[in-house]
Structures are given as structure tokens and as C-alpha cells.
Amino acid sequence: MTSLSVETLAADVVEPITSAGNGQLGIAVLAGIAVIVLLITKFKLHAFLALTIGSLALGAFSGAPLDKAISSFSTGLGNTVAGVGVLIALGAILGKLLADSGGADQIVDTILAKASGRAMPWAMVLIASIIGLPLFFEVGIVLLIPVVLLVAQRGNYSLMRIGIPALAGLSVMHGLIPPHPGPLVAIDAIGANLGVTLALGVVVAIPTVIIAGPLFSKYAARWVDVPVPEKMVLQRPSEDLERRPGFGATVATVMLPVVLMLAKALVDIVVNDPENVVQRVTDVIGSPLIALLAAVLVGLFTLGRAAGFTKDRLSSTVEKSLAPIAGVLMIVGAGGGFKQTLIDVGVGQMILDFSEDWAIPTLLLAWLIAVAIRLATGSATVATISAAGLVAPLAADMSTAHAALLVLAVGAGSLFFSHVNDAGFWLVKEYFGMDVGQTVKTWSVMETIISVVSLVFVLLLSLVL
């Protein structure tokens, strides 16, 4: 996976493409972000175009030669897509196989068959967390909503008591756990170790999802009591299949890349010898590319073939999985270009100076920057990409663990208070049949709890690591 080394970061900070002072750079950054926010919110321009134009505006406002600003943006876009593009594609393929084969439904039905009464919210958060590992947030919602509505309807449960835990599981995975695009890009920009970030992300995610999911859902159910919207009870993917994959095989396939990446991180810490044969093997099989590729190849058999898919159907499934992520890839790439432009105009040194002058803890600063961009743009991915680019130079002197925590702080900030400028806000509102006020009291508050609680656990980990 492509990442920025400490030496590269230092070189970028020392040799900016403009001679502007911190005052002008500060104004340029605010103006560049304002352009992006305005284009996305006011003119409804696609985030890819907004980030591209905002990057060029940043270069112009900072006094950088236009050709160098274009070169910085192009370099950043290319490096980011090279680093995470294949991983996003592999994750999309695995997610599509999981959905179309009925593997996701198999996980849902098996867990729900063993849960009832008070255990149901905990079952929902477990389902969402497992399924949410390889799926984009929007895909996870579409996949899980029919289950949430059916469980609430047939079991006579409060919709919020069942729905909030499912949403919390998906959201936490989306913001904190690779191989989701946001965390992957932040890891790439900051130069963090993916395995360590994944391990610490799981440590932070578990208590966070419990607090924001099953525990908060008790209060959400009291604040908002809405009936199950009949028109939104949809058909499940596996209802058209004659058979579907087994529970054990499905879970093993989903967890395979996580296990391989965590194994690599563990061996790197315990063995810590690049010449050791075991470490060399785990470095290969635990690399994100190989881990996800292995899961996809295994999934073709354990998910696709187990569901009775022919070779043509498997090929079609893979092909259909790639088309929807084109927009995501371009946004991520443009975000990488924006990040590189920030670094090249000298914003890294400005942030270093700012953090020293104001004595703001680095992790808190990263969270605050991500929160500000999230509130302004409504996009968790844009917030993660932009904030990671801004704080990347601060990771130069950090330990491996603290660089990983910096990624998690950015991810936590990117989830703060989803509101009317976030597509996810409207998706949840419509699926659950709520009005704007009810959506704010449930979904928006839940997102804020996730953001704040995960930051607290990140800060606590920083004290002991």
C-alpha cells in the first residue's frame, strides 16, 4: 500500500511550491475549503468536481504557480488511487458477493434465530458490524433495512430499538475500520500501519458501538415512536435463490482479510525481524491487497458457487459490483489531490506552527478539523480525506500506535452530527418513515455519540500506548 514516509513528509514541509506566509496560507486553506463547501452545498456539484476546483483554488489563493498546483493535484490523485483504488474495488466485489449470494441473509437469519426479547438489539448490532466490514455504508443500509423492518414488525419491537443498533454498527465500521475508503485514505495520507490501525480500531469500535447502539436505542425509542412504514418492507436478495451459503463459511470469508491483516500486525510486533521467514510470509499474506484478494477468491467458491451461481453469473456479479464505485474512486482520488496540494503549498508547516502555538493535542486537533469539514460538507469521506491531508505532517514524529490513533481521531470526527447536507441523513429518514426533527433526535444524535465516544477512547488509548 502506498504511504507517505516521514522523509517524504519532511521534504514536502521544507520545500513548499509557494513562498506565502502562514497568514496567507491560512486564508488560502479557508478559501479552498469554502469553495468546496459552497460547490457541494449551494450548487449541488459532485464532490469530485468540487474537490478538483477547490484544490486549484487553494493553489491560486496561496500564490503557487498554476502549473505546480495542477502537478500537485495530479500527483496526489494518482498516488491515492494507486494506493487504495484496488482495495476499494476488491471490497466492493466481496460486498456484492455477500449480498447477491444470500450470505448476508444467512448471517442475519442465523443470529436472529438465536436471539429474542432483550437480546434482539444486541443481535442487530452484531449483524451490522459483521456485514458492515466489507460493505459501503449505503449498501449496508439497503441490505439491512428490510431485516430491521421485518424484525420490528413481526416481533412487535420498537423500530428505533432495532434500527439504531443496526445503523450504529454500520456507521462505526464505515468511519473507523479499514478496508472502508475513509480509513484507508487516512492511513495512506498519514503513513500509518494498517494492521495496527485495524487492531486499535476494533478496540475503539467495540465499546463505541455498544454505547451508541443498544444502550442509546433505549432512549431513542422513547423520544421517537414511529410505526414500521409498510411501503418500505422490501424483498430480500436471497428470496429468489434456491440455496445460499452456510453461516460458518460466510462469516469465515468476511473475516478472512481482517484475520490476515491482524496476524501481520501481531507478528510484526512480536517477531520484529524483517529477515524472519514467518514475518516475511505474514507481511505478504497480511498486506491489504493480498488479504482482500484472497477473500474475494475464496468468496467466489464459499459464497457464489455455494449459492449455485454459474461462471457467467459470477462474472456478472463481479462486473456489476465495480460500476457503482466509480464515483467513490473519483472522490477519493480528488481528495488525495487536495491533500497533496495542501502539503505542497506548505500547509503542513503552518499546521505544525499552529499546534505548537495553541498547544492543542494533536489527536484533538485532528478530530476538530474533521468535525468542521463534516458539518460543512456533510460527507464523512470528504472530511476524512481533507482532515488527514491537513494533519499528516503532525505524524512525522509519532510512534506507530499514535499514528494509528491519529487516523482513528480523524475517522471519529468525520462522523459527527450528520444533518440535512448528508445523503445518509435523508436515506435513514425515508427508510424509517421519520420527519426531519425525528431523524435529528435519533440518527444525528447517534452519529454524534459515535464521534465523541470514539474520540474519548482514542484519547484514553493515547495515554497508555
Side-chain angles (χ1 to χ4, degrees), residues 1 87 91 94-95 98 107 111 122-137 140 165-188 190 192-215 251-270 282 285-288 291-292 295 363 367 380 384 399-415 449-465:
M1 182 175 193
L87 305 184
L94 183 59
L98 182 69
I107 293 175
I111 294 178
W122 299 89
M124 292 307 302
V125 80
L126 178 61
I127 290 167
S129 298
I130 294 175
I131 292 178
L133 276 171
L135 293 178
F136 293 116
F137 178 77
L167 293 173
L170 289 174
S171 187
V172 169
M173 294 298 111
H174 172 71
L176 300 180
I177 308 295
H180 286 280
L184 279 178
V185 174
I187 289 168
D188 186 66
I190 290 170
N193 181 287
L194 189 142
V196 173
T197 306
L198 176 59
L200 293 178
V202 171
V203 172
V204 172
I206 291 173
T208 299
V209 81
I210 289 172
I211 293 170
L215 298 185
V251 172
T253 304
V254 172
M255 296 300 294
L256 179 59
V258 177
V259 171
L260 291 177
M261 287 187 279
L262 286 178
K264 175 189 180 301
L266 185 62
V267 171
D268 285 349
I269 293 170
V270 174
T282 55
I285 64 173
S287 65
L292 278 166
L363 297 177
W367 183 81
T384 300
S399 66
T400 301
H402 277 249
L405 291 175
L406 186 62
V407 171
L408 297 178
V410 168
S414 75
L415 298 175
I449 291 172
I450 291 173
S451 180
V452 174
V453 171
S454 54
L455 172 68
V456 169
F457 282 104
V458 166
L459 293 176
L460 289 175
L461 284 174
S462 72
L463 298 177
V464 298
L465 294 177

**Q.** side chain to side chain contact (heavy atoms under 4.5 Å, CB included) assessment of T197 paired with L408
**A.** CA-CA 8 Å; T197 306; L408 297 178; 4.2 Å; yes
**Q.** Reported CG-to-CE distance for the pair N193 and M261, which is rounded to 0.5 angstrom
**A.** 11.0 Å
Q: List in chain and number order the residues that pass side chain to side chain donor-acceptor pair (under 3.5 Å) with S171, two or more places apart in sequence or in another chain; answer none if no residue qualifies.
A: E447
Q) Taking only residues two or more places apart in sequence, or in another chain, which ones meet S414 in a side chain to side chain contact (heavy atoms under 4.5 Å, CB included)? A) A380, A383, T384
Q) For residues 257-266, which residue pairs qualify under salt bridge (charged side-chain N to carboxylate O under 4.0 Å, His left out), counting only residues two or more places apart or in two chains? A) K264-D268, K264-D283
Q | Nearest non-hydrogen partners of V172 and A205, listed with the distance | A | CG1-CB, 3.5 Å
(Q) Distance check, rounded to the nearest 0.5 Å: L184 atom CG versus L194 atom CG? (A) 6.0 Å
**Q.** Atom of V125, atom of P214 and distance for their closest heavy-atom approach
**A.** CG1-CG, 4.0 Å
(Q) Just to verify, what does S287 make a side chain to side chain contact (heavy atoms under 4.5 Å, CB included) with, not counting sequence neighbours? (A) I290
(Q) How long is the straight-line distance from CG of L455 back to CG of L363, given to the nearest 0.5 Å? (A) 8.0 Å
Q. Shortest non-hydrogen contact from A128 to A166?
A. CB-O, 3.1 Å
Q) Does I449 have any side chain to side chain contact (heavy atoms under 4.5 Å, CB included) partners at least two apart in sequence or in another chain, and if so, which? A) I211, A212, F216, V445, V453
(Q) If I compare all heavy atoms of S129 with all of V209, which pair ends up nearest, and what's the gap? (A) OG-CG2, 4.2 Å
Q | Nearest-0.5 Å distance that lies between atom OG1 in T253 and atom CG in L98 | A | 8.5 Å
Quick one: side chains of residues 456-465, donor-acceptor pairs under 3.5 Å with protein atoms, not counting sequence neighbours, listed by atom name and distance.
unit_1, atom_1, unit_2, atom_2, d
S462, OG, L459, O, 2.5

Q: Name all residues meeting the ring pair (Phe, Tyr, Trp, His ring centres under 6.0 Å) criterion together with H180; count only those two or more places apart in sequence or in a different chain, and write none if there are none.
A: H174
(Q) I'd like to check the side chain to side chain contact (heavy atoms under 4.5 Å, CB included) partners of L262; sequence neighbours left out, ordered by chain and number. (A) L198, A199, V258
Q) T208: what forms a side chain to side chain donor-acceptor pair (under 3.5 Å) with it, not counting sequence neighbours? A) none
Q: Report the residues that fulfil side chain to side chain donor-acceptor pair (under 3.5 Å) with S454, sequence neighbours left out, ordered by chain and then residue number.
A: none
Q | Interatomic spacing from CG in L415 to CD1 in I450 - rounded to 0.5 Å | A | 6.0 Å
Q: Measure the CG-CH2 distance between L215 and W122 for me, rounded to the nearest 0.5 Å.
A: 5.0 Å
